[in-house]
Amino acid sequence: MKRVVVGLSGGVDSSVAAYVLKEQGYDVVGLFMKNWHDTTGVLHGDCPFDDDYNFAQMVARKLNIPFEMVDLSEQYRKRVVDYMFDEYSRGRTPNPDVLCNREIKFDEFVKAALKLDADFVATGHYCRKDSIDVNGKTVYRLLAGVDPNKDQSYFLCQLNQEQLTKALFPIGDVIKPEVRRIATELGLATAQRKDSQGICFVGKVDLPVFLQQKLQAKVGNIIEIPKDFTKTNNRVNSDMLKDIASEYRYNPLDGKKVGTHQGAHFYTIGQRKGLNIGGTPEPLFVLAIDVDKNIVYVGQGQDHPGLYRSGLFIPKEDIHWIRPDMALQIGKAKDYQIRIRYRQPLQMGKLNRVDEGMYITFDQPQRGIASGQFAAWYLDDELIGSGVIA
RNA sequence: UGACCUAUGGUGUAAUGGCAGCACAGCAGAUUUUGGUUCUGUUAGUCUAGGUUCGAGUCCUGGUAGGUCAA
């Protein structure tokens with residue numbers, strides 16, 4: 001009998017995942033990860049971590065499976081939280097949950113599971129895996145979950161073949177309401193628990209407060225860029241990949257000062273809340289930040305041209321193929337469906353592999369392309385590859 | 001130290017003398033395993049002292065503050 005170690009988080013998804021595995025005849029072990037125990041900046045709720053542990057334990061008892069706990073706090077801090085601080089300090093917008101999966105759940109956690117003699121490791125992600133034969137070699141495919149509303153494949157966009165080999169996603173072909181129904185039917189304590197939100201393991205935080213643990217607050221200017229500012233408008237007609245894919249760079253003379261902020265690195269492109277500037281007919285959105293000069297550039301209205309770009313660039317060292325056998329050769333281009341954030345409907349676009357990296361161009365301009373976030377490319381249901389936006 | 005104009009939530013603006021409204025910001029909730037977006041709800045105002053009127057943000061007089069023109 002094959003042994004599966006399932007990451008029990010104390011939520012309903014991993015609870016049902018454990019149940020499904022058991023039904024499938026696996027020798028199932030529940031393993032709870034303790035990755036964080038600081039509440040700085042955490043909104044409402046004093047200490048959710050103990051709660052999670054207790055719920056996970058209750059579920060394990062109910063399912064009659066062994067239950068273990070592993071503390072990966074040290075690794076999580078080093079490999080996810082430090083990366084977060086570092087990215088924000090450079091004026092970028094990291095995605096800690098993608099890193100959490102690559103570095104913790106499908107690395108450190110797997111190591112812990114192997115110590116428990118695991119053959120496979122399972123999670124409660126809404127995604128699927130299958131395998132095909134390519135030139136006599138088994139290749140694993142990462143597929144979207146069948147629930148279009150909950151598909152979480154995006155968060156796994158940095159996994160590699162080795163990691164997929166050991167992975168099982170028991171609830172990928174079930175829709176969320178069905179998961180809730182199963183949990184309710186089984187009388188699992190987690191059946192009605194609210195879905196988790198915010199940074200995985202840390203929780204819903206007030207980001208500026210959280211970041212101020214490491215990043216200094218410092219007052220700077222907010223500059224409003226007019227809607228008809230030509231530098232942003234000209235871009236739309238450009239043919240040069242490099243031009244289309246690069247960020248808009250402004251300088252203070254391109255607009256006028258409309259207020260002050262507490263630190264440019266606390267903001268991200270597309271952001272509306274937190275500027276504290278009123279009196280405009282339309283809301284202000286962040287168009288760009290300059291952490292060196294400590295300036296936040298804003299523009300008025302959802303349709304401000306500075307909010308949209310038709311392309312992005314990924315440096316070659318940040319290109320990742322879940323399917324290495326499909327890696328695009330230098331000089332080649334190919335159409336893909338792409339998303340640049342969780343739950344975004346897939347967008348039509350083209351990958352252009354050049355010597356220095358990958359340019360992605362979109363058929364429709366995209367709102368709020370943020371450096372540090374991940375672009376993930378799909379062919380229908382299958383996640384093929386991903387990369388960090390420069 | 002002459003004339004004129006203006007004054008309404010935190011900000012920008014509406015209201016034939018008849019229930020002070022809208023937008024933005026803020027706050028709260030919903031949505032969301034990243035940031036962000038979006039949706040819903042909500043706090044908060046007539047510069048000041050008098051007067052006219054059944055009734056004043058609105059009309060009259062003084063004050064205060066800001067602005068424009070004239071020098």
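By convention in this document, chain letters (A, B, ...) are assigned in the order of the sequence lines, proteins followed by strands, and residues within each chain are numbered from 1.
With contacts defined as side-chain heavy-atom distances shorter than 4.5 Å, the pair Phe201(A)/Leu72(A) does not qualify.
Comparing the P positions of G17(B) and U6(B) gives an interatomic distance of 15 Å, to the nearest angstrom. A56(B) and U48(B) are spaced 16 Å apart, taking the C1' atom of each and rounding to whole Å. Comparing the same atom, P, in U38(B) and in U13(B) gives a spacing of 24 Å after rounding to whole Å.
Considering only side-chain N and O atoms, Lys273(A) lies under 4.0 angstrom from the phosphate OP1 or OP2 of G26(B). Note on Lys194(A): a side-chain N or O is less than 4.0 Å away from OP1 or OP2 of U31(B). Considering only side-chain N and O atoms, Gln302(A) lies under 4.0 angstrom from the phosphate OP1 or OP2 of U38(B).
Note that Lys129(A) lies in the cation-pi zone of Tyr140(A), set by a 6.0 Å cut-off to the ring centre and a 45° limit from the axis.
Checking U34(B), U31(B), C24(B) against every side-chain atom of Arg343(A), the shortest atom distance belongs to U31(B).
Between Phe85(A) and Phe210(A), the two ring planes are parallel [angle under 30°; tilted spans 30° to 60°].
Here Gly259(A) lies out of heavy-atom contact (under 4.0 Å) with every strand. Here Thr93(A) lies in heavy-atom contact (under 4.0 Å) with a base.
The side chain to side chain donor-acceptor pair (under 3.5 Å) check on Lys176(A) picks up Asp13(A), Asp195(A), with sequence neighbours excluded.
Judged by atom type and distance alone, Arg272(A) does not reach the base of G36(B) through any side-chain donor-acceptor pair under 3.5 Å. No N or O donor and acceptor, one from the side chain of Gln271(A) and one from the base of U37(B), sit under 3.5 Å apart.
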Worksheet entry | 5'-to-3' dot-bracket of RNA chain B (Watson-Crick, G-U; under 3.5 angstrom; crossing pairs as [ ]; | other strand) | .((((((..((((....[..)))).(((((.......)))))....(((((..]....)))))))))))..

